[in-house]
Amino acid sequence: MKKVYLDNNATTMVDPKVKEAMDPFFCEIFGNPNSLHDFGTKTHPYLRKAMDQLYNGINARDEDDIVITSCATESNNWVIKSVFFDHIKNGEKNHVITTEVEHPSVLAAFKWLESQGVKVTYLPVNSEGIVEAHTVKDFIREDTALVSIMWANNETGMIFPIEEIAQICKENGVLFHTDGVQAIGKIKVDVQKAGIDYMSFSAHKFHGPKGVGGLYIKAGKELTPLLHGGEHMRGLRSGTLNVPGIVGMGEAMELASYYLEFEAKKVRALRDKLEDALLEIPDTFVVGSRDKRVPNTILISVRGVEGEAMLWDLNRAGIAASTGSACASEDLEANPVMEAIGAEADLAHTAVRLSLSRFTTEEDIDYTIEVFKKAVERLRSISSSYAYKPENI
Ligand SMILES: Cc1ncc(COP(=O)(O)O)c(C=O)c1O
């Protein structure tokens, strides 16, 4: 059976070139970089190269602006909790701002802040699922310590006006963190131009390995370390360095930058072809305008077709997609981003996310169009609640 992977916002295949770059660091060059013997020191040039690849990829000033972490969940938690220890616990400030549509690794960290008595503002999003910069300005207060807003949304692919938000934060003396996980490899990310203070990223979202990520920290914007130990990463994040992971992430970043220009155009063309074809189905909706989305993502709702049921049909035909919702006992949960944009309840349950990568082919897309259309026909024919009404369009 044909296999089509359209769940690249969840994770990506490791690029074979990345795997090749990592291979020697398991059984040959396996020393601990902190050891003084040759096994350890042999890793140093490779680590230096990877750090160069990383800071060049996001246009940071140099490698000192980057700290390696285990994943973006760690990076997000680190910034949010560190701001608590640095600026809130001592009573200096007591307010932070984020959005309703952040990844759970941001939202859960803010929930923790709330449990510590911190006031958190969850900004509402507009009908396209983004927060406009002026909204951020309206909610900044004297005691606001941090604004954390994602660069691109994992469900809809919508790109937030990061540069404008960073500027507003700067003007108001507020720290600005962005979760850049879904932006890297999909759009140009230039942390200096954007003027952000902190940015989280994760290798497995741009064809690197799992279990390694990073945090960009603008020079002069310090953070309290949360992991204490052997003083790795300039004392900011202790723990023996994941050498294969770092080498892989560096290579993946360089490839992502290299392919961005050419591959993003190809991915966009395939995404648009898929979207156009699926929108031919009556009563279907896609969240957010195309030109404001990263080029690989579609969040589509097909009225009368439960998202989970669609996933099931797609999976049976070898196609991997996602709903962003979880199955809780007998209740099917609605997609949280669809709820945040105020979609009607029956549509929020139908959302299906299709996310492409530079490895997606034209054949994959043709096959997906065929399978998807057949699945809609089948599922609508057995849906007791769906009756096509022209006024629904
Ligand atoms: C926007 C966003 N932030 C953070 C994460 C968490 O990344 P990691 O798996 O590296 O912890 C994800 C992963 O789905 C994501 O999409």
Side-chain angles (χ1 to χ4, degrees), residues 5-14 18 54 58 66-81 98-112 122-123 125 129-131 147-160 162 165 176-187 189 191 196 198-216 226-227 237 239 242 245-246 248-250 252-253 256 287-288 293-299 320-326 335-338 340 351 353-357:
Y5 186 74
L6 294 180
D7 199 13
N8 287 282
N9 287 8
T11 197
T12 56
M13 181 186 94
V14 172
V18 170
L54 289 172
I58 59 171
I66 288 170
V67 180
I68 302 297
T69 62
S70 62
C71 58
T73 297
E74 180 188 332
S75 306
N76 288 338
N77 271 265
W78 182 16
V79 175
I80 294 164
K81 291 175 182 168
T98 188
T99 77
E100 286 177 350
V101 297
E102 298 297 312
H103 186 264
S105 56
V106 168
L107 291 176
F110 277 114
K111 286 283 169 221
W112 179 82
Y122 297 92
L123 296 177
V125 291
I130 56 165
V131 165
V147 170
S148 176
I149 295 183
M150 64 201 332
W151 200 312
N153 183 265
N154 42 305
E155 301 288 338
T156 60
M158 285 295 288
I159 302 167
F160 287 68
I162 290 307
I165 297 172
F176 178 54
H177 164 249
T178 187
D179 175 343
V181 166
Q182 296 290 347
I184 293 185
K186 295 172 185 151
I187 52 172
V189 167
V191 288
I196 58 195
Y198 309 104
M199 183 184 74
S200 308
F201 54 95
S202 181
H204 75 102
K205 305 287 184 172
F206 53 96
H207 302 290
K210 293 170 185 56
V212 62
L215 183 65
Y216 161 75
L226 297 184
L227 299 187
R237 198 260 183 197
N242 171 2
I246 298 169
M249 181 159 67
M253 181 68 92
V287 179
R293 261 185 276 147
V294 289
N296 79 320
T297 308
I298 305 173
L299 184 66
S322 140
T323 57
S325 66
N335 180 296
V337 177
M338 293 289 285
R353 182 184 70 188
L354 301 158
S355 47
L356 290 68
S357 83

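As the structure is a prediction and not an experimental result, all values here were calculated from the model. Remember, it's 1-based here, ligands and their atoms both numbered in the order they're listed.
Among Asn76, Asp179, Thr69, Asn77, the single residue meeting the side-chain hydrogen bond (donor to acceptor under 3.5 Å, both in side chains) criterion with Ser200 is Asn76.
The main-chain N or O of Pro295 is never found under 3.5 Å from a side-chain atom of Lys186 such that the two would form a donor-acceptor pair. A donor-acceptor pair under 3.5 Å is absent between the side-chain atoms of Ser70 and the main chain of Gly211, judged by distance alone.
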N or O contacts of ligand 1 with protein under 3.5 Å, please list pair by pair.
residue, atom, partner, partner atom, Å
ligand 1, 3 (N), Asp179, OD1, 3.3
ligand 1, 3 (N), Asp179, OD2, 2.6
ligand 1, 9 (O), His204, NE2, 2.9
ligand 1, 10 (O), Ala72, N, 2.9
ligand 1, 10 (O), Ser202, OG, 2.6
ligand 1, 11 (O), Thr73, N, 3.0
ligand 1, 11 (O), Thr73, OG1, 2.5
ligand 1, 14 (O), His103, NE2, 3.2
ligand 1, 14 (O), Lys205, NZ, 2.5
ligand 1, 16 (O), Gln182, NE2, 2.7

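Ring-plane geometry between His177 and Tyr198 is classed as tilted, the angle between the planes lying from 30 to 60 degrees on a 0 to 90 degree scale.
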So Ile162 and Phe176, side-chain contact (heavy atoms from CB on, under 4.5 Å) or not? Walk me through it.
-> CA-CA 10 Å; Ile162 290 307; Phe176 178 54; 3.9 Å; yes

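Side-chain contact check for Glu102 versus Tyr122: every heavy-atom pair is 4.5 Å or farther apart.
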